[in-house]
There are 2 protein chains.
Amino acid sequence: MRGRSFWYNYKIIVLSLNLAYIRIVSESIPTIKEIAKRLNVSVSTVSRALSDHPRISAKTKEAVKELAKALNYEPNSKAIFFKQKKSYVIGVIVPHIYEDFFSKGISGIEDTALENGYTILFGQSHDRIEKERQVVDAMKNQRVDGLIISLSKETNKSDHLKTLDAYNIPVVYFDRVPSLANVNKVYCNLFEGTVDMIEWLFKQDRKRIAFINGPNAIIASKERLDGYIEGISRRKLKVDMQMVEQTDFSEEGTHKAVARLLGLKKPPDAIISFNDYVHMDAVKYALKEHVKINEDILFASYANISVNKHTAYPPVVSIDQFPYSQGEAAMKMLMDILQNKSDEDTATKAFQHKEIPVALVYNS
Amino acid sequence: MRGRSFWYNYKIIVLSLNLAYIRIVSESIPTIKEIAKRLNVSVSTVSRALSDHPRISAKTKEAVKELAKALNYEPNSKAIFFKQKKSYVIGVIVPHIYEDFFSKGISGIEDTALENGYTILFGQSHDRIEKERQVVDAMKNQRVDGLIISLSKETNKSDHLKTLDAYNIPVVYFDRVPSLANVNKVYCNLFEGTVDMIEWLFKQDRKRIAFINGPNAIIASKERLDGYIEGISRRKLKVDMQMVEQTDFSEEGTHKAVARLLGLKKPPDAIISFNDYVHMDAVKYALKEHVKINEDILFASYANISVNKHTAYPPVVSIDQFPYSQGEAAMKMLMDILQNKSDEDTATKAFQHKEIPVALVYNS
DNA sequence: GGTTACAGGGCAATCGTTTGCACCGGGTTT
DNA sequence: AAACCCGGTGCAAACGATTGCCCTGTAACC
């Protein structure tokens, strides 16, 4: 016999009248129904009482709330979500969490989500489009209310995210965003930052600035490259594409890139890496070649990860992209979209873009 | 007018009879109901057809499946979860994801979860019990099927997790586990590893081995300390508690600990830190005091984080706790519990403990 | 006194899916 | 011929909560 049965409770109450005993603890998960039974009111009354509906008297409200508390009642979100077609869950997909950048971004997202009563469903694409697809599907099946995603390095078109439209799940792209205009996105403008970085390197009297870029599919690669070209051009110098390399982020890919750069007749006197992880691999290889790090060649980079403070050869300058703020901004944007979703029809839907400023950080 | 209306579709069909046109695309999310309408069968038939119920004829099954595919039908998990009281979502709570250890652990958990058709709901406690409580609550409200948690450093009793029992949500503790026997847990035995590490340090001719431990609340602190004491004792030496310090993981806390150790009349010639992050802070302070790292004092640690390979002063030895494997093991344990949940009553419930072996890793 | 007004609360439909049971027609068994 | 069986399908309840609408009793009004 389960504790939830009214008659069981009733018997107990009757049997122990003079003890004024009420069976409070229940073996099963408390529901609105049970509260209603025990209080001898209807479920609608309980529901309304709990949500402070004006039609319910203060007395009833109090009684309901009291019992709800005593029973440790918590609304079954699944039922509510089901009914309201809302889940208060946001999907978040990033390439990797082990990267300082993304873990900080997620923290920003998560903190903001929690403030707004949302929880996050989490997945990694491991930088592979196949995995990304799989995770997106899982999120769709879970009917997340919205999705924040940082695309994998393999993702150049986002068809698999189109299916989310049919399910009316808004998407906010984060950092690794598509170049399309008809999407919501939060990102850094690395163009300006890159130009500034190059300016600074010129001031350090560096003339041959090399650049190890990421895969073409990533828009951030293009931004960096554009900034690089602009930066060099501003000094009225000709851009030498020999000085531009690429890595697929693997250690080997980066090593090859560095090897070619060091092998040039006129090797670089500065190397900008796609990010601090690429930088570490680049330094590792350069050391093997007996390069004096940050003397023979100045190393610069992007991301400004925390561990730079502890590494043997941090970049002399790294562009901080403020991932936590980006995460916050992405979540806020999503909240905003979610709130105004019903207002506007999809036809008139306006897409939001938000650019987060970057900052040069120097390690002396 | 919405595409889901039967009459709307009907009209279209009638109007375009000779085109044999069937309106396939639907503006709204397809449901079983809609399939049923279009095929003129009952919802139960559709439901059974989709799940290959033996009582449904092959013909019907085929028709249903075909239309389902054409409509891009995907079952509404929320409804199913609601009905079946299963969500195929696992909650995962860790102190921080920025720590290499936890991010790898999560990867192990996530990969295993995905293989088993589960998705993970994710939260960080930021090492604060208040936040932990909040996140646990959110997970409970989401009715996760199970929870994997690595306790915050402030958590010495897990009362807030007791409420999960009432909701029949099994919990597997991960790495930062309580010392109780009546819980499911996956952890490393750091005792043996610590003893080995001390042995090794003795072989390097170190006699005064100091130890910067973590907060007492964490069982891992006790294990480390026990190992330390055992290791020292095996050499028939007296354990000098002056050589044992503590940190709350803050940079300042670690600095204070190092300061006191260096200030001893007989300062240590080796320092073991609670983990590689504490190690980095310890080194930072020691450098200020002009200690020659890994010469005057050998530094040892736990975790073997990836970035050790790139840091200026990695520990000479670090104990790898194989977080990915731990994550995998935790998820597998949870899967196992979930599958056998109905079999056994809570009374006879047996708790699972799994110990993951560690390994010493040397940085030369 | 009769009507209105309103406070307070109950009924029942609803969300999408599953599932025990009823039903129905035709063939098989005693 | 009555009783059974069985493949194939439909009916309806159930999961937990929300909500539009209806009902009842009492007080205030003309």
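Treat the numbers as computed from the prediction; the structure is a model and nothing was measured. Letters A, B, ... are given to chains in the order of the sequence lines, protein chains preceding strands, and every chain is numbered from 1.
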Consider only side-chain N and O atoms of A:S107 and B:Q124, and report whether a donor and an acceptor are under 3.5 Å apart.
yes
Intermediate values then yes/no, salt bridge (Lys or Arg N to Asp or Glu O under 4.0 Å), A:D165 and A:K162:
CA-CA 5 Å; A:D165 280 355; A:K162 284 286 186 292; 5.7 Å; no
Rounded to whole Å, please give me the gap between CD1 in A:I80 and P in C:dG16.
17 Å
To check you understand the geometry: which heavy-atom pair defines the closest contact between B:P178 and B:V183, and what is its length?
CG-CG2, 4.2 Å
Considering just the side-chain nitrogens and oxygens of B:S47, establish if one lies under 4.0 Å of OP1 or OP2 belonging to C:dT18.
yes
What is the minimum heavy-atom distance between B:I80 and B:P75, and which atoms define it?
CD1-CB, 3.7 Å
Which part of the nucleic acid does B:S57 contact within heavy-atom distance under 4.0 Å: base, sugar-phosphate only, or nothing?
sugar-phosphate
Could you check which of C:dG16, C:dC11, D:dT18 has an atom nearest any side-chain atom of A:V43?
D:dT18
Length of the NE2-C1' vector between B:H53 and D:dC6, whole Å:
13 Å
Does any N or O donor sit under 3.5 Å from an N or O acceptor when you compare the side chain of A:R48 with the base of C:dG10?
yes
Mark yes or no for a side-chain to base donor-acceptor pair under 3.5 Å between B:S42 and D:dC11, with no hydrogen or angle criteria applied.
no
Is there a side-chain polar atom (N or O) of A:T45 under 4.0 Å from OP1 or OP2 of C:dG9?
no
Base, sugar-phosphate, or nothing: which does B:V41 touch, judged by heavy atoms less than 4.0 Å apart?
sugar-phosphate
Respond yes when some side-chain nitrogen or oxygen of B:K33 is under 4.0 Å from OP1 or OP2 of C:dC15, and no when none is.
yes
Lys/Arg N to Asp/Glu carboxylate O, B:R133 vs B:E130, below 4.0 Å:
yes
With a non-hydrogen cut-off below 4.0 angstrom, is B:K85 in contact with a base, only sugar-phosphate, or nothing?
sugar-phosphate
Roughly, in whole Å, what's the span from CZ in A:R143 to P in C:dC15?
15 Å
How long is the line joining CG of B:L39 and P of D:dG10, in whole Å?
10 Å
Regarding A:F81, tell me which of base, sugar-phosphate or nothing describes its non-hydrogen contacts under 4.0 Å with the strands shown.
nothing
Would you classify B:T60 as touching base, sugar-phosphate or nothing, given that sugar-phosphate means primed atoms plus P, OP1 and OP2, and contacts are heavy atoms under 4.0 Å?
sugar-phosphate
A cation-pi test, strictly: NZ or CZ of A:K78 under 6.0 Å from the centre of the six-membered ring of A:F82 and no more than 45 degrees from its axis. Yes or no?
no
Between A:I35 (CD1) and D:dT18 (C1'), how many Å, whole number?
15 Å
Start at the 5' end of DNA chain D and walk down; is the nucleotide closest to A:L50 or to A:R55 reached first?
A:L50
In terms of the nearest nucleotide of DNA chain D, which residue is placed more toward the 5' end: B:A79 or B:I56?
B:I56
What's the NZ-C1' distance between B:K83 and D:dA12, to the nearest Å?
11 Å
How close or far is atom C1' of D:dA13 from atom CZ of B:F82, stated in whole angstroms?
13 Å
Here the distance between atom P of C:dG16 and atom CD of B:Q84, to the nearest Å, is 17 Å
